[in-house]
Amino acid sequence: CPKKFYFVCQIIAPQAASTVSLKNWFLTWGDTDNFRLGCLVLNMLSVDVEDYYQLLSRNRLGVEIPPTHHVVENTLQILHILQGSNTRATFFVLGTVAEHFPELVEEIANAGHEVGTHGYSHRYINQMSPQEFSAELSLSLSILRDLARQGVIGHRAPAFSLKADC
């Protein structure tokens, strides 16, 4: 068993008082020598809900295409697998996907999973002004919160574009 457990989180809004809520910090759990009943095991699973070729088209060809039914089919397969193992995950959903396939976000939430945002259009944070980022984030959160009927507090930066100098 490792001596320490680390978890990196990006939180965009406060969580309930019973959970940890920090923005861009490392959380450290105590030394396992103090746990005599065994090791603390922390498993986490998250899924980006996006059409990768939609992003390739924009980034490589300069052509915007809408999300396709493939994102729905692939996500439903993942939901089925998770249901079979009684596993919960966080699904980071693009706002554009939520707009085109609102029933997908509802299905994710109704299955007991957390819904997080992956931005509205998968634009890189380090290539947006603070005002553009705020507008993109607000739009995505509004759409997802309405569809998921739950608080949306998690954010995953597209392509790891959240850098220290942003």
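Hydrophobic clustering, with ILVMFWY side chains joined whenever heavy atoms are under 4.5 angstrom apart, keeps V93 apart from Y124. By the criterion of side-chain heavy atoms lying less than 4.5 angstrom apart, applied directly or through intervening Ile, Leu, Val, Met, Phe, Trp or Tyr residues, F92 is not grouped with V49; the two fall into different hydrophobic clusters.
Rounding to the nearest 0.5 Å places CD1 of I108 at 4.5 Å from CG of L104. The structure places CD of Q77 at 9.0 Å from OG1 of T75, a figure rounded to the nearest 0.5 Å. The distance from atom OG of S134 to atom CG of L139, rounded to the nearest 0.5 Å, is 11.0 Å.
Looking at every heavy atom in both residues, I125 comes nearest to A157 through CD1-CB, 3.5 Å. Across every non-hydrogen atom of P67 and T96, the tightest pair is CG-O, 3.7 Å. Heavy atoms only, all atoms of each residue included: R88 and G112 are closest at CD-O, 3.2 Å.
At least one donor-acceptor pair under 3.5 Å links the side chain of R58 to the backbone N or O of H122. Here the side chain of H118 pairs a donor or acceptor atom with the backbone of R156 at under 3.5 angstrom. Put simply, the side chain of E136 gets close to the backbone of Y120: a donor and an acceptor are under 3.5 Å apart.
In this structure, E132 and R123 have side chains that are in contact, with non-hydrogen atoms separated by less than 4.5 Å. Residues T90 and V47 have side chains not in contact (no heavy-atom distance under 4.5 Å, counting atoms from C-beta outward). Residues F101 and V71 form a side-chain contact, since some pair of their non-hydrogen atoms from C-beta on lies under 4.5 Å apart.
A search for side chain to side chain donor-acceptor pair (under 3.5 Å) contacts involving S142 returns nothing, not counting sequence neighbours. With sequence neighbours left out, Q150 forms a side chain to side chain contact (heavy atoms under 4.5 Å, CB included) with A109, E114, V115, A148. Listed by chain and number, the residues in a ring-ring contact (aromatic ring centres under 6.0 Å, His included) with F133 are H155 (sequence neighbours excluded). Taking the side chain to side chain contact (heavy atoms under 4.5 Å, CB included) definition, one finds that L82 meets it with L45, I78, T87, A89, F91, H113, sequence neighbours left out. Here H70 pairs with D51, Y53, T68, E73, N74 under the side chain to side chain contact (heavy atoms under 4.5 Å, CB included) rule; sequence neighbours left out. By the side chain to side chain contact (heavy atoms under 4.5 Å, CB included) test, E107 pairs with L76, L79, sequence neighbours left out.
In this model, a donor atom of one side chain and an acceptor atom of the other lie less than 3.5 Å apart for T117 and S140. Under 3.5 Å, the side chains of E64 and S57 contain no donor-acceptor pair of N or O atoms.
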When you look at I65 and V63, which way does the side-chain contact (heavy atoms from CB on, under 4.5 Å) test go after all the steps?
CA-CA 6 Å; I65 60 173; V63 176; 4.1 Å; yes
